[in-house]
There are 2 protein chains.
Amino acid sequence: MPTILIVDDEEDIRELIAVNLMREEDYKLIEAVTGLEALHFARSSKPDLIILDLMLPEMDGLTVYRNLREDPRTKTIPVIMLTARGRLEEKITGLELGADDYLSKPFSPKELMLRVRNLLRRTNPLQGSSVVEIGPFSLDKSALKLHLDGSSIELTATEFKLLLLMIESPGITQERGDLLKRVWGYNDLIQTRTLDTHIKRLREKLGNHGNSIETVRGVGYRFQEA
Amino acid sequence: MPTILIVDDEEDIRELIAVNLMREEDYKLIEAVTGLEALHFARSSKPDLIILDLMLPEMDGLTVYRNLREDPRTKTIPVIMLTARGRLEEKITGLELGADDYLSKPFSPKELMLRVRNLLRRTNPLQGSSVVEIGPFSLDKSALKLHLDGSSIELTATEFKLLLLMIESPGITQERGDLLKRVWGYNDLIQTRTLDTHIKRLREKLGNHGNSIETVRGVGYRFQEA
DNA sequence: ATGCGTTGTGACGGGATTGTCACGGGCTTG
DNA sequence: CAAGCCCGTGACAATCCCGTCACAACGCAT
């Protein structure tokens with residue numbers, strides 16, 4: 001589970017970010033208010049990502065950033081910086097952003113999530129053993145590829161997530177609601193054909209193994225080697 | 001029989017929840033109005049699940065939640081939190097949800113039931129063995145399939161529920177009223193041929209084992225290996 | 001700006017599932 | 001034996017649920 005450190009003195013913003021992060025996946029969140037706290041947590045908890053507001057009391061956000069970059073323990077942690085629109089944007093673009101990114105307030109939750117996922121994926125491509133094998137199926141987490149019958153099949157991020165969830169519990173029916181929650185972050189029971197569509201696309205890509213994804217009518221789907 | 005603690009100061013809500021819970025299965029319900037009561041019951045009765053409204057008089061729901069999490073006796077009990085739409089949603093997602101869940105008011109009974117079942121199933125693996133075996137009968141709860149005489153028979157959700165109920169208590173006569181209540185949620189004794197029809201369909205699918213479902217005239221049905 | 005790959009959405013249709021009803025026959029009681 | 005009561009059965013219609021498709025929105029790279 002990726003750990004994310006949020007640094008902002010405004011509680012509203014911290015909450016807003018937390019909401020949108022938790023809606024998507026399971027992250028462990030750490031919150032810091034001041035720059036000193038931020039540096040402390042960054043060093044002790046070694047988060048996978050830092051979201052840093054540049055408007056901080058006492059210690060300026062840019063200073064925090066530079067400190068992070070100088071310390072070998074935190075040097076490689078990607079940072080998303082939050083700035084007020086137009087104000088500090090220029091200064092940031094002047095920096096060598098490297099693996100980092102920035103976002104102008106007010107930002108849309110969607111935008112934020114995209115960047116979070118991008119950065120985490122870019123720097124943290126493999127979590128755990130990166131290959132899952134079940135029968136003739138071989139899922140490569142780092143390449144988002146599926147090896148099957150000697151050929152290599154490319155899957156999109158969503159397709160991969162969906163297939164992985166089912167394939168990790170072979171023979172067990174995953175309920176529609178659970179899948180929607182775990183793949184898409186939908187917490188509410190919404191009426192959508194999204195899941196069906198992706199199942200269809202998956203089955204197509206699986207070719208003659210498509211029937212390994214069984215429909216359990218009224219409940220959900222289930223992976224079972226045919 | 002799972003025990004559920006409902007914490008809400010509004011009687012309407014408590015009743016709504018109770019009705020919908022009882023409609024589905026047998027739960028033991030405990031109701032609490034204040035946060036202190038909630039903590040008391042949670043510690044003394046050790047419920048399997050707590051449904052907690054966050055809008056409580058005197059002690060805030062979140063405070064109750066934190067207290068629950070701090071006490072080792074109640075630390076592992078899953079909690080479903082109820083919030084007013086939009087109001088406190090953010091604060092909740094900020095918490096480490098763990099095995100918990102939340103629901104925004106107004107909520108649909110369906111949604112609530114889904115979550116209750118999910119949480120109970122997830123944390124109460126007593127249902128773990130998803131296969132029930134009686135003689136030549138083998139019921140796969142996950143796939144809604146029945147294995148019998150080497151062949152696999154597909155059952156619909158209703159058929160499965162009905163057969164499972166009878167097969168779990170072999171030799172015991174299930175009264176019509178009970179079956180109607182537990183499978184269909186009918187609380188009233190209504191005059192319907194629905195039950196008979198489904199029994200017929202089940203017998204058909206059981207083939208030459210169809211007579212394992214015996215009719216107890218004037219009372220109900222009974223599963224008994226022929 | 002443009003094009004491409006990915007993703008979500010809504011409409012639509014078909015098939016599976018389910019409840020209801022009418023009817024008939026067997027069982028039970030008197 | 002006759003009258004009820006109860007159940008089995010088949011047909012039917014309504015509904016639910018899923019698969020499919022075309023399309024729009026979006027991000028991303030060129």
Side-chain angles (χ1 to χ4, degrees), chain A residues 23-24 101 103 107-119 121-122 144-146 153-163 166 173-177 179-181 183-186 188-206 210-211 213-222, chain B residues 108 110 114 143-146 153-163 166 173-177 179-181 183-186 188-206 210-222:
Chain A
R23 188 191 303 277
E24 281 264 336
D101 211 336
L103 210 53
F107 53 85
S108 79
K110 259 192 179 175
E111 226 173 332
L112 173 66
M113 285 313 302
L114 268 178
R115 287 167 203 244
V116 167
R117 264 178 306 187
N118 272 344
L119 285 185
R121 179 155 40 81
R122 192 181 309 161
L144 294 191
K145 280 183 184 173
L146 166 68
I153 304 173
E154 304 235 359
L155 299 180
T156 70
T158 310
E159 286 163 2
F160 193 88
K161 221 167 164 183
L162 180 57
L163 180 58
M166 294 192 294
T173 302
Q174 304 289 341
E175 298 185 16
R176 293 180 73 92
L179 289 173
L180 281 172
K181 183 173 181 180
V183 176
W184 285 272
Y186 294 162
D188 302 308
L189 273 188
I190 56 173
Q191 154 81 23
T192 174
R193 300 252 63 71
T194 301
L195 175 56
D196 307 73
T197 302
H198 280 270
I199 291 285
K200 170 191 180 301
R201 288 169 183 157
L202 260 181
R203 280 172 173 160
E204 278 177 2
K205 290 196 178 180
L206 294 191
N211 51 4
I213 300 178
E214 297 182 9
T215 303
V216 181
R217 202 182 164 81
V219 184
Y221 295 94
R222 129 185 215 273
Chain B
S108 80
K110 254 192 182 175
L114 269 178
L144 299 190
K145 282 182 184 173
L146 166 67
I153 304 173
E154 306 235 359
L155 300 180
T156 71
T158 311
E159 285 164 2
F160 194 89
K161 227 166 163 181
L162 180 57
L163 180 57
M166 295 191 295
T173 303
Q174 305 287 341
E175 298 184 17
R176 292 179 72 93
L179 290 172
L180 282 172
K181 179 176 178 184
V183 176
W184 284 271
Y186 294 164
D188 309 306
L189 277 187
I190 54 176
Q191 157 75 25
T192 173
R193 299 251 62 71
T194 300
L195 175 56
D196 307 73
T197 302
H198 279 271
I199 291 286
K200 168 193 179 299
R201 288 170 184 155
L202 259 181
R203 281 171 173 161
E204 277 177 3
K205 291 197 177 179
L206 294 192
N211 51 4
S212 295
I213 301 178
E214 300 178 5
T215 303
V216 182
R217 199 180 164 81
V219 185
Y221 295 95
R222 173 175 58 172

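Below, chain A is the first sequence line, B the second, and so on; all start at residue 1.
- For A:Arg193, the salt bridge (charged side-chain N to carboxylate O under 4.0 Å, His left out) partners two or more places apart in sequence, or in a different chain, are A:Asp196.
- For the pairing with B:Tyr221, the side-chain contact (heavy atoms from CB on, under 4.5 Å) check across B:Leu202, B:Leu162, B:Leu195, B:Thr173 returns one residue only, B:Leu195.
- Taking atom CG of residue A:Asn211 and atom P of nucleotide D:dG19, one finds them 13 Å apart after rounding to whole Å.
- One can place CG of B:Leu155 at 10 Å from P of C:dT18, the figure rounded to the nearest angstrom.
- Side-chain N/O atoms of B:Trp184 include one lying less than 4.0 angstrom from OP1 or OP2 on C:dG19.
- Between A:Arg222 and B:Ala143, the shortest heavy-atom contact is CZ-CB, 3.2 Å.
- Around NZ of A:Lys205, the count of heavy atoms belonging to other residues, nucleotides or ligands within 6.0 Å exceeds 12.
- Rounded to whole angstrom, the span from the CD atom of B:Glu175 across to the P atom of D:dC7 amounts to 12 Å.
- Atom-to-atom, CG of B:Leu179 to C1' of D:dC7 comes out at 15 Å; the value is rounded to the nearest Å.
- Phosphate contact (OP1/OP2 of C:dT9, side-chain N/O of A:Thr192, threshold under 4.0 Å): present.
- Take B:Glu175 and apply the salt bridge (charged side-chain N to carboxylate O under 4.0 Å, His left out) test, not counting sequence neighbours, and it matches no residue.
- In the region residues 193-204 of chain A, proximity to DNA chain C at under 4.0 angstrom, judged on heavy atoms, holds for A:Arg193, A:Thr194, A:Thr197, A:His198, A:Arg201.
- Regarding B:Arg176, its CZ atom lies at a distance of 14 Å from the P atom of C:dG19, rounded to whole Å.
- The distance from atom CG of B:Leu162 to atom C1' of C:dT17 is 14 Å, rounded to the nearest whole Å.
- Listed by chain and residue number, A:Thr156, A:Val183, A:Trp184, A:His198 satisfy the side chain to side chain contact (heavy atoms under 4.5 Å, CB included) test with A:Thr158 (two or more places apart in sequence, or in another chain).
- Between the NZ atom of A:Lys205 and the C1' atom of C:dT7 there is a distance of 12 Å, rounded to whole Å.
- Applying the side-chain hydrogen bond (donor to acceptor under 3.5 Å, both in side chains) rule to A:Thr194 yields the partners A:Thr192; only residues at least two apart in sequence or on another chain are considered.
- To the nearest 0.5 angstrom, B:Met166 atom CE is 7.0 Å from B:Leu179 atom CG.
- Nearest heavy-atom pair across A:Glu214 and A:Arg203 is C-NH2, 3.9 Å.
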Close N or O pairs between protein and nucleotides 25-30 of chain C (under 3.5 Å):
| residue | atom | partner | partner atom | Å |
| --- | --- | --- | --- | --- |
| C:dG26 | N2 | B:Arg217 | NH2 | 2.5 |

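- Between D:dG19 and A:Tyr221, a contact under 4.0 Å exists linking OP1 or OP2 to a side-chain N or O.
- Put simply, B:Thr158 has a side-chain N or O that comes within less than 4.0 Å of OP1 or OP2 on C:dT18.
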